[in-house]
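Remarks on the structure that follows.
Every number for a ligand or one of its atoms is a count from 1 in the order of the listing. Computed from a predicted model, the values in this text were never measured in an experiment.
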Amino acid sequence: MHKIALALAGITALAAAGAASAQDKPTVALIPGLTTDAFYITMHKGAQAAADELGIELIYQGGPEFNPTVQVPVLQAVTARQPDVILIAPTDKQQLIAPLRQAHDAGVQIITVDTFIDDGKYQDGEGEGDFPLSYVASDNVQGGRMAGEALAKAVGGEGKVYVSNVKPGISTTDQREEGFKEAMQAFPGIEVLETQFNDDDANKAAAQLQAVFARNPDLVGVFGANLFSAIGAADGVKALGKSGEIRVVAFDTPTRIVDDIKSGLIDMAIAQHPYDIGYEGVKAAAAVIDGQQIEPSIGTGFTVMDASNIDQPEVRERIYSE
Ligand code: T6T
């Protein structure tokens, strides 16, 4: 296994001779949930920044959909390239356990970013999915609670709301829903309707919003539990002409969500810090390559965006890259 210091020394020498090659560097692969998502595009930038600083070769490879059937072949192709460490956002808590174990058994160290497998508690000697070395991510239960409190406040503690979510089995969005529902227990005047699953398709989420409203004309709010759920929920509210009447709270902050905060369509959005997840992920991978022990869980923060702070530079710098 490479030692970063040695690799760096080697790279310096080769660069001086004008012949540095990718094989001389330790290699880390980042496999996102899907490639066309501003959240993972931003994570890639953070990962690349850390890789450049630490003299690591970064491979970035993913699929076009947030789906284990699409992600597993990508994982197998990346494993065949034998990187030292794979950083991956597993698209399902259970379905990625066996494929990741195969990669691990082939000698690749695993760190999960954003999402986890199994119970997300790694290296504690328990469970089928205990082998990843670390989980680098937002606190998604806490983010869900924050969203719940914000929506409860926006609707004045009363009326019908629901969660627009991706699909069951994804650690992040499951936890956000859990946190949201936990927060709602403090508001007896709010009824949480059945969750609508949109398969990460904003058009489906928009159609579902309109269908839920057709069944519940007294609908007052919706929580979009990720980027596509939130965009779709907001689109649905807009199509009904109910902006400001059906209140929207969003997870994730591409520019489109920020525009909707400005127009009043969305009340509040929770920005994750995907750049930091990518950066910290590669830093942790570098430490592993260097033979160091790392923490089994590495947390990154949130920035809450609403009309009151959306023009502040330190808030705007958390808008995702597209
Ligand atoms: O919300 C993020 C990510 O945290 C989640 O795991 C999947 O959806 C996003 O990528 C946003 O689309």
Original post:
Sequence neighbours excluded, which residues qualify as side-chain contact (heavy atoms from CB on, under 4.5 Å) partners of Glu295?
Top reply: Ile298
**OP:** Test side-chain hydrogen bond (donor to acceptor under 3.5 Å, both in side chains) on Asn198 and Ser229 and set out the steps.
**Re:** CA-CA 7 Å; Asn198 55 52; Ser229 308; 3.1 Å; yes
Subject >> Pairing residues for Asp199 by the salt bridge (charged side-chain N to carboxylate O under 4.0 Å, His left out) criterion, not counting sequence neighbours >> reply: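 Testing Asp199 for salt bridge (charged side-chain N to carboxylate O under 4.0 Å, His left out), a comparison that skips the adjacent residues, returns Lys204.
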Original post:
Listed by chain and number, what are the salt bridge (charged side-chain N to carboxylate O under 4.0 Å, His left out) partners of Asp92, not counting sequence neighbours?
Top reply: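 Applying salt bridge (charged side-chain N to carboxylate O under 4.0 Å, His left out) to Asp92 gives none.
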**OP:** Please state whether the rings of Phe180 and Phe223 are parallel, tilted or perpendicular, taking 30° and 60° as the class boundaries.
**Re:** parallel
**OP:** Show the numbers, then the answer: is there a salt bridge (Lys or Arg N to Asp or Glu O under 4.0 Å) between Asp174 and Lys93?
**Re:** CA-CA 10 Å; Asp174 283 358; Lys93 281 185 283 205; 2.8 Å; yes
Original post:
Protein residues near ligand 1, heavy-atom distance below 4.0 Å?
Top reply: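 Ligand 1 pocket, heavy atoms under 4.0 Å: Asp37, Phe39, Tyr40, Phe66, Asp114, Thr115, Thr172, Arg176, Asn226, Leu227, Phe228, Asp252, Gln272.
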